[in-house]
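Written below as structure tokens is the structure these notes are about.
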Amino acid sequence: MPELPEVETIRRALLKALPGRKITETNVRESRLRWPVDVEKVNRMVTDQVVKTVERRAKYLLIQLSNESSLVVHLGMSGQLLLLTDSRPLQKHDHVIFHIDDRSELRFRDPRRFGMVDVVSSAALTRYPRFAGLGFEPLDVHVTHDILFQKAKRSKKPIKNLLMDASFIVGVGNIYANEALFYAKIHPLTPSNKLGETDWQRLLEKLRDVLTQAIQEGGTTLNDFVNSNGETGYFQLSLAVYGRSGETCANCGKTIQRIVQAGRSSFFCATCQRLKS
DNA sequence: CGGGCGGCCTGGAGGC
DNA sequence: TGCCTCCAGGCCGCCC
């Protein structure tokens, strides 16, 4: 569930609190995450380190530490990274706890255990296997619509699937792929190589609008997303098509459709988003 | 090799 | 009210 805006929301909250603070103790209570946590390595490389800054790559959070390494956290689909200023009872799915020197706690909570926690030295980060195949950052100003157009014209896969393909562009999950395509008036089944340069100009612009707006509204809370302070986001109130099959299109009044692509629901307005083939 | 899909995992929703 | 089934989805790995 957490896509780029939700991860970015958490990054910004952590950035206000963590830099300069020391992690005094690390406690891995459950190591069976998406990939098994190397408990000894995490304990050794994180404990007693001071947080320098907090960055993001794709949907990964990078908490940079004073020993030139980074704590790498992915929230999967149900993960939370909570900053608790007072000690509260541990919950069933509180898998990794980081104690901070101001007596607060950073807790990785993840019922479905699709997330991951790892620590990587800065030198190894550029060669980190999980980052090796990642595509463009949509909010990077160096990424232009022409770059995307040139890369996409070799692909026949539907544009919705391409937007969710992290080897092409990162951070875009099902919610924001659907929303961006709606605003750009592009049908989700459109073969990627059928999109022209002006289509890509519009699509990148609308994708950035949607992601930026979602960050401003603190992300989208559908089931369980909360930021590091335990607060929900508000962007779900602004969703135009996602989860709204059978409802009325705000633009034209026709009914919003739902289809399944690559095992994922797509929501769109067949009137506003004409399929060109 | 591009593209599709199964599997991981649990909680919540819906049906009976 | 309780049990069962289904669905959500990021990512990897397997398959054709």
Side-chain angles (χ1 to χ4, degrees), chain A residues 1-11 29-37 56-62 72-81 90-96 107-118 120 128-138 148 150-181 188-195 211 214 219-226 232-233 235-236 239 241-246 258-267:
Chain A
M1 190 78 58
E3 303 182 31
L4 188 153
E6 290 74 38
V7 178
E8 182 63 20
T9 295
I10 292 170
R11 185 187 77 84
R29 306 176 66 237
E30 172 60 84
S31 61
R32 296 172 302 165
L33 305 182
R34 180 68 176 82
W35 296 284
V37 180
R56 179 187 59 76
R57 173 70 176 114
K59 296 173 185 169
Y60 294 88
L61 282 163
L62 299 170
V72 179
V73 177
H74 195 293
L75 300 176
M77 88 157 272
S78 61
Q80 301 177 354
L81 201 51
L90 287 169
Q91 293 191 12
K92 185 179 175 185
H93 302 293
D94 288 346
H95 302 315
V96 186
R107 284 192 192 179
F108 176 78
R109 176 179 298 170
D110 187 5
R112 274 163 236 194
R113 309 210 316 265
F114 276 23
M116 59 156 278
V117 173
D118 196 7
V120 186
Y128 193 48
R130 313 258 171 259
F131 293 175
L134 292 178
F136 298 113
E137 285 284 343
L148 301 182
Q150 296 298 337
K151 190 174 176 188
K153 69 183 183 186
R154 293 192 296 266
S155 174
K156 294 178 193 168
K157 78 162 64 167
I159 183 59
K160 161 80 179 331
N161 303 27
L162 189 67
L163 285 180
M164 291 180 64
D165 180 351
S167 69
F168 177 72
I169 194 166
V170 300
V172 185
N174 206 25
I175 294 173
Y176 299 106
N178 279 295
E179 294 293 299
L181 287 171
L189 286 173
T190 309
S192 297
N193 60 6
K194 299 289 182 187
L195 294 178
L211 294 175
T220 298
T221 298
L222 290 181
N223 298 310
D224 48 15
F225 172 73
V226 291
T232 63
F235 193 70
Q236 65 278 9
L239 294 175
V241 288
Y242 182 85
R244 296 195 185 280
S245 51
R258 174 184 178 272
I259 58 173
V260 175
Q261 289 180 258
R264 300 284 177 268
S265 294
S266 293
F267 303 91

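A note on names: the letters A, B, ... follow the listed sequences, proteins ahead of strands, and every chain is numbered from 1.
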Hey, does the side chain of A/R113 come within less than 4.0 Å of B/dT10's phosphate (OP1/OP2), counting only N and O? yes
Specify whether A/Y60 and A/H74 have parallel, tilted or perpendicular ring planes, treating 30° as the upper limit for parallel and 60° as the lower limit for perpendicular. perpendicular
Can you tell me the distance, in whole Å, between the CG atom of A/L33 and the C1' atom of B/dT10? 14 Å
So does A/R264 reach the base of C/dA8 with its side chain, donor to acceptor, closer than 3.5 Å? no
From the options B/dT10, C/dC12, C/dA8, select the nucleotide whose nearest atom is closest to the side chain of A/S265. C/dA8
Separation of B/dC9 atom C1' from A/W35 atom CH2, nearest Å, is 14 Å
Could you state the CG-P distance from A/D165 to C/dC11, rounded to the nearest angstrom? 10 Å
Within less than 4.0 Å of OP1 or OP2 of C/dG10, is there a side-chain N or O belonging to A/H74? no
So does A/R258 get a side-chain nitrogen or oxygen closer than 4.0 Å to the phosphate oxygens (OP1/OP2) of C/dA8? yes
When you measure from the side chain of A/Q261 to the backbone N and O of A/P188, does any donor-acceptor pair fall under 3.5 Å? yes
Base, sugar-phosphate, or nothing for A/R109, non-hydrogen atoms under 4.0 angstrom? nothing
Please name the pair of heavy atoms, one in A/A177 and one in A/M164, separated by the smallest distance, quoted to 0.1 Å. CB-CG, 3.9 Å
Would you mind reading off the distance between A/K92 atom NZ and B/dG12 atom C1', rounded to a whole angstrom? 13 Å
Rounded off to whole Å, could you give me the CD-to-P distance for the A/Q91 and B/dG11 pair? 11 Å
Hey, what do you get for CD (A/E137) to CZ (A/R56), rounding to the nearest 0.5 Å? 4.5 Å
Protein-nucleotides 2-5 of chain B N/O pairs under 3.5 Å:
| unit_1 | atom_1 | unit_2 | atom_2 | d |
| --- | --- | --- | --- | --- |
| B/dG3 | OP1 | A/K156 | N | 2.9 |
| B/dG3 | OP1 | A/K157 | N | 3.3 |
| B/dG3 | OP2 | A/S155 | OG | 3.3 |

Starting from C1' on C/dG10, measure out to CG on A/L75 and report it in whole angstrom. 11 Å
Using every non-hydrogen atom in the two residues, find where A/P2 and A/G76 come nearest and quote the distance to one decimal. CD-O, 3.4 Å
Atom CG in A/L90, atom CZ in A/R29: separation rounded to 0.5 Å? 4.5 Å
OP1 or OP2 of B/dG11 less than 4.0 angstrom from a side-chain nitrogen or oxygen of A/H93, does that happen here? yes
Nucleotide C/dA8, atom C1' - distance to CD1 of A/I175 in whole Å: 10 Å
State which of B/dC8, C/dA8, C/dC11 makes the closest approach to the side chain of A/F114. B/dC8
Round to the nearest Å and state the distance from A/E3 atom CD to C/dG10 atom C1'. 10 Å
Tell me whether A/E30 contacts the main-chain N or O of A/D94 through its side chain, where contact means a donor paired with an acceptor under 3.5 Å. no
